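For reference, the structure is listed below as C-alpha coordinates.
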Amino acid sequence: KGSLLDVVEWYEGFAESMGVDVDNGEHAEDKVRFEKSLAEFKAATAAQPNLTALAVSPSEDGLYVAVPENSTSLTDFQEWGLQVIDPDSPDPDFPYWETLSWETADKYQPDLLLLDDRGYADTVATGEAQPTWTKIKAAAAKAYTPWPGFWLHTYGSYAEQLDQLTAAVQSADATVNGA
(Lines give C-alpha, C1' and ligand atoms only; values in the text may rest on other atoms or scores of the structure.)
Protein backbone atom coordinates (compact mmCIF):
# COMPACT_ATOMS: atom_id res chain seq x y z
CA LYS A 1 0.00 0.00 0.00
CA GLY A 2 1.08 3.57 -0.41
CA SER A 3 2.76 5.34 -3.26
CA LEU A 4 5.64 4.29 -5.46
CA LEU A 5 6.64 7.94 -5.51
CA ASP A 6 7.08 7.68 -1.71
CA VAL A 7 9.46 4.75 -2.30
CA VAL A 8 11.46 6.77 -4.84
CA GLU A 9 11.62 9.70 -2.42
CA TRP A 10 12.81 7.36 0.36
CA TYR A 11 15.62 6.08 -1.88
CA GLU A 12 16.55 9.66 -2.72
CA GLY A 13 16.77 10.47 1.01
CA PHE A 14 18.84 7.34 1.59
CA ALA A 15 21.22 8.32 -1.22
CA GLU A 16 21.52 11.80 0.24
CA SER A 17 22.28 10.36 3.67
CA MET A 18 25.12 8.41 2.05
CA GLY A 19 26.62 11.62 0.69
CA VAL A 20 25.13 11.71 -2.81
CA ASP A 21 24.41 15.23 -4.05
CA VAL A 22 20.80 14.77 -5.17
CA ASP A 23 20.33 18.47 -5.95
CA ASN A 24 22.80 18.54 -8.83
CA GLY A 25 23.92 16.48 -11.77
CA GLU A 26 22.18 13.35 -12.98
CA HIS A 27 19.96 12.98 -9.90
CA ALA A 28 18.57 16.49 -10.25
CA GLU A 29 18.10 16.02 -14.00
CA ASP A 30 16.21 12.78 -13.40
CA LYS A 31 13.89 14.51 -10.94
CA VAL A 32 13.14 17.27 -13.47
CA ARG A 33 12.56 14.62 -16.14
CA PHE A 34 10.20 12.78 -13.79
CA GLU A 35 8.17 15.95 -13.12
CA LYS A 36 7.85 16.49 -16.90
CA SER A 37 6.86 12.86 -17.44
CA LEU A 38 4.30 13.08 -14.64
CA ALA A 39 2.75 16.22 -16.12
CA GLU A 40 2.51 14.51 -19.53
CA PHE A 41 0.94 11.41 -17.96
CA LYS A 42 -1.66 13.51 -16.14
CA ALA A 43 -2.44 15.36 -19.39
CA ALA A 44 -2.82 12.06 -21.24
CA THR A 45 -5.22 10.63 -18.64
CA ALA A 46 -7.19 13.90 -18.57
CA ALA A 47 -7.54 13.69 -22.36
CA GLN A 48 -8.85 10.11 -22.02
CA PRO A 49 -11.27 10.39 -19.07
CA ASN A 50 -13.26 7.28 -20.06
CA LEU A 51 -10.25 5.01 -20.62
CA THR A 52 -10.11 2.02 -18.31
CA ALA A 53 -7.09 -0.13 -17.54
CA LEU A 54 -6.64 -3.48 -15.85
CA ALA A 55 -3.34 -4.64 -14.36
CA VAL A 56 -2.78 -8.34 -14.88
CA SER A 57 -0.22 -11.10 -14.75
CA PRO A 58 -1.03 -14.04 -17.02
CA SER A 59 0.15 -17.47 -15.95
CA GLU A 60 -0.48 -20.93 -17.30
CA ASP A 61 -2.84 -21.53 -14.38
CA GLY A 62 -4.94 -18.40 -14.81
CA LEU A 63 -5.04 -14.65 -14.98
CA TYR A 64 -4.00 -12.69 -11.90
CA VAL A 65 -5.77 -9.34 -11.67
CA ALA A 66 -4.02 -6.83 -9.42
CA VAL A 67 -5.85 -5.00 -6.66
CA PRO A 68 -4.67 -1.39 -7.10
CA GLU A 69 -4.76 -0.42 -3.42
CA ASN A 70 -2.09 -3.06 -2.78
CA SER A 71 0.25 -1.87 -5.51
CA THR A 72 2.25 1.31 -5.06
CA SER A 73 2.50 1.97 -8.81
CA LEU A 74 -1.19 1.36 -9.47
CA THR A 75 -2.10 3.61 -6.53
CA ASP A 76 -0.04 6.36 -8.16
CA PHE A 77 -1.59 5.78 -11.59
CA GLN A 78 -5.08 6.02 -10.12
CA GLU A 79 -4.16 9.14 -8.17
CA TRP A 80 -2.86 10.69 -11.38
CA GLY A 81 -6.04 10.04 -13.35
CA LEU A 82 -5.87 6.56 -14.87
CA GLN A 83 -9.02 4.55 -14.23
CA VAL A 84 -7.50 1.26 -13.09
CA ILE A 85 -10.24 -1.28 -12.51
CA ASP A 86 -10.55 -2.56 -8.95
CA PRO A 87 -11.35 -6.29 -8.98
CA ASP A 88 -14.35 -7.15 -6.86
CA SER A 89 -13.22 -10.52 -5.45
CA PRO A 90 -9.62 -10.41 -4.20
CA ASP A 91 -8.22 -13.75 -3.11
CA PRO A 92 -8.87 -14.15 0.64
CA ASP A 93 -5.43 -15.67 1.30
CA PHE A 94 -3.49 -13.18 -0.84
CA PRO A 95 -5.61 -10.06 -1.50
CA TYR A 96 -3.02 -8.52 -3.81
CA TRP A 97 -4.74 -10.40 -6.65
CA GLU A 98 -8.05 -11.73 -7.84
CA THR A 99 -7.26 -15.00 -9.57
CA LEU A 100 -9.39 -15.79 -12.60
CA SER A 101 -9.43 -19.10 -14.39
CA TRP A 102 -8.78 -18.86 -18.11
CA GLU A 103 -12.43 -19.75 -18.62
CA THR A 104 -13.44 -16.57 -16.77
CA ALA A 105 -10.52 -14.35 -17.82
CA ASP A 106 -12.92 -12.01 -19.63
CA LYS A 107 -14.73 -11.04 -16.39
CA TYR A 108 -13.35 -7.50 -16.70
CA GLN A 109 -13.26 -5.64 -20.01
CA PRO A 110 -10.76 -2.78 -19.91
CA ASP A 111 -9.64 -0.63 -22.81
CA LEU A 112 -5.98 -1.19 -21.92
CA LEU A 113 -4.19 -4.06 -20.22
CA LEU A 114 -1.21 -3.32 -18.01
CA LEU A 115 0.89 -6.49 -18.11
CA ASP A 116 3.28 -7.44 -15.35
CA ASP A 117 6.68 -6.48 -16.74
CA ARG A 118 8.71 -9.09 -14.90
CA GLY A 119 9.78 -11.02 -17.99
CA TYR A 120 7.43 -8.99 -20.18
CA ALA A 121 7.98 -10.97 -23.40
CA ASP A 122 7.21 -14.21 -21.56
CA THR A 123 4.20 -12.60 -19.89
CA VAL A 124 2.81 -11.58 -23.29
CA ALA A 125 3.53 -15.02 -24.74
CA THR A 126 1.82 -16.73 -21.80
CA GLY A 127 -1.33 -14.65 -22.28
CA GLU A 128 -1.37 -15.02 -26.04
CA ALA A 129 -0.99 -18.81 -25.75
CA GLN A 130 -4.31 -19.12 -23.93
CA PRO A 131 -7.32 -19.83 -26.15
CA THR A 132 -9.50 -17.45 -24.13
CA TRP A 133 -6.99 -14.55 -24.09
CA THR A 134 -8.76 -12.78 -26.94
CA LYS A 135 -12.10 -12.91 -25.11
CA ILE A 136 -10.63 -9.91 -23.30
CA LYS A 137 -11.34 -7.21 -25.89
CA ALA A 138 -8.19 -5.26 -25.05
CA ALA A 139 -6.12 -8.43 -25.55
CA ALA A 140 -7.83 -9.07 -28.90
CA ALA A 141 -6.90 -5.51 -29.92
CA LYS A 142 -3.34 -6.02 -28.58
CA ALA A 143 -3.95 -2.98 -26.37
CA TYR A 144 -1.40 -3.76 -23.71
CA THR A 145 1.71 -2.25 -22.26
CA PRO A 146 4.20 -3.16 -19.52
CA TRP A 147 3.23 -2.47 -15.94
CA PRO A 148 6.23 -1.70 -13.76
CA GLY A 149 5.07 -3.10 -10.50
CA PHE A 150 8.04 -3.85 -8.33
CA TRP A 151 11.45 -2.60 -9.30
CA LEU A 152 11.34 1.19 -9.66
CA HIS A 153 13.46 3.08 -7.15
CA THR A 154 14.68 6.21 -8.93
CA TYR A 155 13.16 9.25 -10.59
CA GLY A 156 14.91 8.36 -13.84
CA SER A 157 13.49 4.83 -14.05
CA TYR A 158 10.04 6.02 -12.99
CA ALA A 159 10.11 8.74 -15.67
CA GLU A 160 11.05 6.18 -18.30
CA GLN A 161 8.15 3.92 -17.35
CA LEU A 162 5.70 6.82 -17.12
CA ASP A 163 6.70 7.91 -20.63
CA GLN A 164 5.96 4.41 -21.93
CA LEU A 165 2.61 4.29 -20.13
CA THR A 166 1.75 7.80 -21.33
CA ALA A 167 2.31 6.72 -24.93
CA ALA A 168 0.05 3.69 -24.36
CA VAL A 169 -2.68 5.88 -22.84
CA GLN A 170 -2.42 8.38 -25.68
CA SER A 171 -2.78 5.69 -28.33
CA ALA A 172 -5.44 3.65 -26.52
CA ASP A 173 -9.02 3.50 -27.73
CA ALA A 174 -11.45 4.19 -24.89
CA THR A 175 -14.14 2.21 -26.72
CA VAL A 176 -12.28 -1.11 -26.94
CA ASN A 177 -14.24 -2.47 -24.00
CA GLY A 178 -17.51 -1.93 -25.83
CA ALA A 179 -18.90 0.49 -23.24
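Residue numbers start at 1 and run along the sequence shown. Since the model is a prediction, treat every value here as computed from it, not as a measurement.
In this structure, the side chains of Thr132 and Leu63 stay at 4.5 Å or more apart for every pair of heavy atoms. Residues Gln48 and Leu82 have side chains not in contact (no heavy-atom distance under 4.5 Å, counting atoms from C-beta outward). Using a 4.5 Å cut-off on side-chain heavy atoms (C-beta onward), Thr126 and Trp133 make no contact. A heavy-atom distance below 4.5 Å is found between the side chains of Trp80 and Asp76. Contact annotation: the side chain of Val169 never approaches that of Thr145 to less than 4.5 Å [non-hydrogen atoms, C-beta and beyond]. Under the 4.5 Å side-chain criterion, counting only non-hydrogen atoms from C-beta, Glu128 is in contact with Tyr144. At a threshold of 4.5 Å between non-hydrogen side-chain atoms, the residues Val84 and Leu54 do not count as touching. At least one side-chain heavy atom of Leu115 sits under 4.5 Å from a side-chain heavy atom of Val124.
For the residue pair Ser157 / Thr154, a side-chain donor-acceptor distance below 3.5 Å is found, with atom types taken as modelled. Of the N and O atoms on the side chains of Ser101 and Glu103, at least one donor lies less than 3.5 Å from an acceptor on the other residue. Side-chain polar atoms of Asp91 and Thr99 form a donor-acceptor pair below 3.5 angstrom. Side-chain atoms of Ser59 and Asp61 include no donor-acceptor pair closer than 3.5 Å. Side-chain atoms of Glu26 and Tyr155 form no donor-acceptor pair, as typed in the model, at a separation below 3.5 Å.
The OG atom of Ser37 sits 10.0 Å away from the CG atom of Asp30 when rounded to the nearest 0.5 Å. Atoms CG and CG, on Leu114 and Leu74 in that order, are 6.5 Å from each other to the nearest 0.5 Å. Residue Lys107 holds its NZ atom at 15.0 Å from NZ of Lys135, rounded to the nearest 0.5 Å. Between atom CZ of residue Phe14 and atom NE2 of residue His153 there is a gap of 12.0 Å, rounded to the nearest 0.5 Å. Separation of atoms CG (Leu113) and OG (Ser57) is listed at 12.0 Å; rounding is to 0.5 Å. Between atom CD of residue Gln78 and atom OG of residue Ser73 there is a gap of 10.0 Å, rounded to the nearest 0.5 Å.
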Q: Run the numbers on His27 and Val20 for side-chain contact (heavy atoms from CB on, under 4.5 Å), then give the verdict.
A: CA-CA 9 Å; His27 299 286; Val20 174; 3.3 Å; yes
(Q) If you apply the rule side-chain hydrogen bond (donor to acceptor under 3.5 Å, both in side chains), what do you find for Asp111 with Thr52, and how did you get there? (A) CA-CA 5 Å; Asp111 300 303; Thr52 58; 3.1 Å; yes
**Q.** Tyr96 vs Val67, side-chain contact (heavy atoms from CB on, under 4.5 Å): CA-CA, chis, key distance, verdict
**A.** CA-CA 5 Å; Tyr96 188 91; Val67 177; 5.9 Å; no
Q) Is there a side-chain contact (heavy atoms from CB on, under 4.5 Å) between Asp21 and Asp23 once you walk through the steps? A) CA-CA 6 Å; Asp21 181 1; Asp23 295 322; 3.8 Å; yes
(Q) I'd like to know whether Asp86 forms a side-chain contact (heavy atoms from CB on, under 4.5 Å) with Tyr108, so could you lay out the CA-CA distance, the side-chain angles of the two residues, the decisive distance to 0.1 Å, and finally the verdict. (A) CA-CA 10 Å; Asp86 287 296; Tyr108 303 103; over 6 Å; no
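The two residues Ala138 and Pro110 make their nearest non-hydrogen contact at CB-O, 3.4 Å. Of all heavy-atom pairs spanning Thr123 and Pro58, the tightest one is CG2-CD, 3.3 Å. The shortest non-hydrogen separation linking Pro146 to Asp117 is CB-CB, 3.8 Å.
The closest donor-acceptor contact from the side chain of Thr104 to the backbone of Leu100 lies at 3.5 Å or more, if one exists at all. Put simply, the side chain of Gln161 never gets that close to the backbone of Trp147: no donor and acceptor are under 3.5 Å apart. For the pair Glu98 (side chain) and Ser89 (backbone), a donor-acceptor distance under 3.5 Å is present.
In this structure, Asp163 pairs ionically with Arg33, as a charged nitrogen and a carboxylate oxygen lie closer than 4.0 Å. The pair Lys31-Glu35 does not meet the salt-bridge criterion, since no charged nitrogen lies less than 4.0 angstrom from a carboxylate oxygen.
Using cut-offs of 30° and 60° on the angle between ring planes, the pair Phe34 and Tyr158 is tilted.
Connection of Tyr64 to Phe94 is established within a shared hydrophobic cluster, with ILVMFWY side chains joined at heavy-atom distances below 4.5 Å, either directly or through further cluster members.
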